[in-house]
Amino acid sequence: MMLDAPSMTRFIGLIVALLAYFGVNVPEDLTEAITSLAVAILAVYTAWKNNYISKKGHQQKEVLQAKGLTKGGKQ
């Protein structure tokens, strides 16, 4: 099961808070790299989920257009 973006953000925040609480020093470069990776992964995931890219997505778009619920559908 994949976590949604807000849940993933809270989970990462929890890990960072726990590391700080226990006095674990994480180098700034590592923190920036992990943050950049997380943002990139979430951006790709969001783009995938919010667009009609997959076969199932194409089918969903066709149904929505047939019912006039998207641009380019029947009016």
Side-chain angles (χ1 to χ4, degrees):
M1 180 168 87
M2 185 74 169
L3 295 175
D4 60 346
S7 296
M8 183 66 73
T9 303
R10 288 189 298 269
F11 182 71
I12 291 170
L14 173 64
I15 291 172
V16 170
L18 287 172
L19 289 172
Y21 178 77
F22 289 111
V24 176
N25 273 340
V26 180
E28 188 174 335
D29 291 343
L30 179 60
T31 304
E32 289 178 12
I34 291 171
T35 303
S36 297
L37 180 63
V39 168
I41 290 170
L42 289 174
V44 170
Y45 176 74
T46 301
W48 178 265
K49 294 303 281 183
N50 290 334
N51 291 295
Y52 303 108
I53 297 172
S54 66
K55 183 177 180 181
K56 181 179 177 182
H58 288 292
Q59 293 169 345
Q60 290 172 339
K61 185 176 181 181
E62 289 173 4
V63 170
L64 291 172
Q65 285 178 335
K67 295 183 185 253
L69 298 174
T70 63
K71 292 180 181 179
K74 293 181 181 177
Q75 296 296 323

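Sparse packing is recorded around CG of Asn25, with 12 or fewer heavy atoms of other residues, nucleotides or ligands lying under 6.0 Å away.
Residue Tyr45 is not grouped with residue Val39 when hydrophobic side chains (ILVMFWY) are merged at heavy-atom distances under 4.5 angstrom, including chains of intermediate members. Both Leu14 and Phe22 belong to a single network of hydrophobic side chains, linked directly or stepwise wherever heavy atoms of I, L, V, M, F, W or Y lie under 4.5 Å apart.
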List the atom pairs, with distances to 0.1 Å, where a side-chain N or O of residues 55-62 and a protein N or O form a donor-acceptor pair under 3.5 Å, not counting sequence neighbours.
{"from": "His58", "atom 1": "NE2", "to": "Ile53", "atom 2": "O", "distance (Å)": "3.3"}

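Here Leu37 pairs with Ile41 under the side chain to side chain contact (heavy atoms under 4.5 Å, CB included) rule; sequence neighbours left out.
The distance from atom CD1 of Ile34 to atom CD1 of Ile15, rounded to the nearest 0.5 Å, is 9.0 Å. The distance from atom CZ of Arg10 to atom CD1 of Ile12, rounded to the nearest 0.5 Å, is 11.5 Å.
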